[in-house]
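Just below is one structure, and these are the notes that go with it.
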Amino acid sequence: MLNLTSSGIGKQLVTRKLIAASARDRSCFEGSDIEHQVVFLDADGLPPVTLQNAFPLVAVAYSDEGEADLQAGLALLGPLGTIPAVPIRRLDPANSSESLPLLQALTEGSVGRLARYSASITSELAILRRERETLLENYRALEDAFQARNWEPVSEIFSHDPYADPKDEGIGPLLAAAFIEQLLPVSSLGVAGFALHLHSVPRVSGELVVALSYLESGEGVAEWTVPYAQLVPNWNFFSLPRACGGAARTLRLRISATGPETIGLSLGYPIAGERYSARSELPHPDLDLRPLAFKVFTGLPGVKPTRTPNMIAPSNLLEGQYTVDYRLAVATLSQIADVSVTPIVPEFQTVRFLEHEHAIVCHPLPSGISAGAVSRAVEPGTISFSVTAFIDHPEGKPAAVSFLLAPANSNARSEVAEIARKGTARPSAFFSGWREVTSSEVVNINIQLDEPARGPMDLMILSRAVTDSVDFSWLKVSGFRMVKQFTEAADVR
């Protein structure tokens with residue numbers, strides 16, 4: 001292996017043989033300035049096992065016999081794997097006075113510059129390694145200091161105990177239709193996580209969605225999307241990858257849920273102040289000066305907290321991002337238009353909005369695609385959305401459902417026809433793919449876009465048959481939850 005340093009580069013190059021040649025052409029190099037850089041291969045003897053103190057960059061031949069010797073010798077060296085393939089260059093002995101200085105400039109000049117560059121990188125790497133070792137030693141000293149003083153890495157600093165009022169109606173339906181916000185009455189500095197109390201957890205499929213952000217700027221911290229199967233009817237601890245640092249700010253929780261059954265999120269004792277009471281975009285009698293039942297834990301800013309029972313890690317880190325949840329309003333969903341592409345003319349309405357259920361029906365037909373379009377339903381910046389789909393009849397036949405996002409004011413029926421013909425959407429649209437839905441199970445569908453929507457988009461709901469029959473296949477889609485994402489501060493309060 002070639003090992004060059006920047007000090008004494010000329011002397012170092014003297015000991016490195018960088019040119020290969022045949023022993024038959026030895027006389028052409030004798031007495032030249034590069035003779036000390038040439039390794040001669042003897043074709044008449046046994047091939048060397050390694051090229052000691054040599055790393056040929058080029059092979060030079062002055063005669064046909066010398067070129068043949070080099071080809072044979074280098075072919076024997078190839079399987080050893082000691083050097084990469086070496087190119088052979090044929091030179092004219094009559095012009096050796098011109099060609100030899102060029103070879104010398106190549107080996108001593110170019111290789112010398114590379115050697116000096118490699119040496120500087122090696123030196124900087126050694127400095128970085130020493131700095132890293134010093135940093136690790138400092139961290140170890142800090143850990144020893146904390147352990148010596150019995151400082152807790154995570155401690156509870158605030159708690160609202162759960163309280164069940166006999167008059168409570170339960171806020172589970174509110175979580176499915178909207179969201180609940182709760183300000184944390186502590187500074188963000190050092191907050192390592194929080195715990196939420198659940199008095200009941202459904203056994204069916206569904207998810208609890210929790211987002212933590214800064215109130216002052218709207219900047220997101222983290223988001224947890226937790227299936228019901230991972231929750232327990234008690235305290236559930238939601239941890240951050242490291243305790244919050246930086247300036248002291250106000251933290252805000254935003255909680256919602258998906259699924260056919262409601263989850264039992266507990267409320268605490270009534271309090272006197274409105275600022276730290278739980279609130280929602282929809283009015284609810286249980287939220288009258290009542291906070292959520294929660295605990296707040298703090299640790300060392302910037303340090304990973306220790307594990308605790310029922311610990312749940314974030315699904316997404318939102319640092320530097322600003323997120324806003326929004327639901328599709330009744331006025332928006334009521335504007336759904338039938339854009340089905342099918343040769344069948346049904347005797348009933350296949351696509352309609354059920355205002356009392358806040359759901360859309362999209363009944364499939366034996367052939368073609370039933371589809372409904374909601375114009376400009378998706379706002380700019382939307383990065384994900386989730387819905388719940390089910391067949392609302394015990395004897396309903398299964399169906400397949402999918403979602404299509406297309407640029408605003410596009411030809412919705414044409415977009416659906418493209419899916420019917422090719423099975424894929426146009427490059428300007430987003431197609432979720434088909435998901436089978438049956439009457440025995442409610443399906444939660446979560447869709448994540450590759451990048452936030454650049455402008456408003458039309459939302460289309462598609463359904464098709466998966467069997468020969470579509471009897472009682474009343475496919476209902478509800479619980480539209482959209483998430484917008486920004487990269488700069490926005491007023492989201």
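Worth saying up front: this structure is predicted, and the values here are computed from it rather than measured.
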Check: [X]/[Y] side-chain N/O donor and acceptor closer than 3.5 Å:
| X | Y | value |
| --- | --- | --- |
| E219 | S213 | no |
| R426 | S414 | yes |
| Y326 | T382 | yes |
| H197 | S266 | yes |
| T258 | R481 | no |
| S440 | T438 | yes |

Is any side-chain heavy atom of [X] closer than 4.5 Å to a side-chain heavy atom of [Y]?
| X | Y | value |
| --- | --- | --- |
| T388 | V443 | no |
| R290 | S277 | no |
| F238 | F194 | yes |

Could you tell me which non-hydrogen atom of [X] sits nearest to which non-hydrogen atom of [Y], and how far apart they are?
| X | Y | value |
| --- | --- | --- |
| F237 | S239 | CE2-CB, 3.5 Å |
| E436 | P398 | OE2-CB, 3.8 Å |
| S340 | V351 | OG-CG2, 4.2 Å |

Below 4.0 angstrom, N of the basic side chain to O of the carboxylate: do R129 and E133 qualify? no

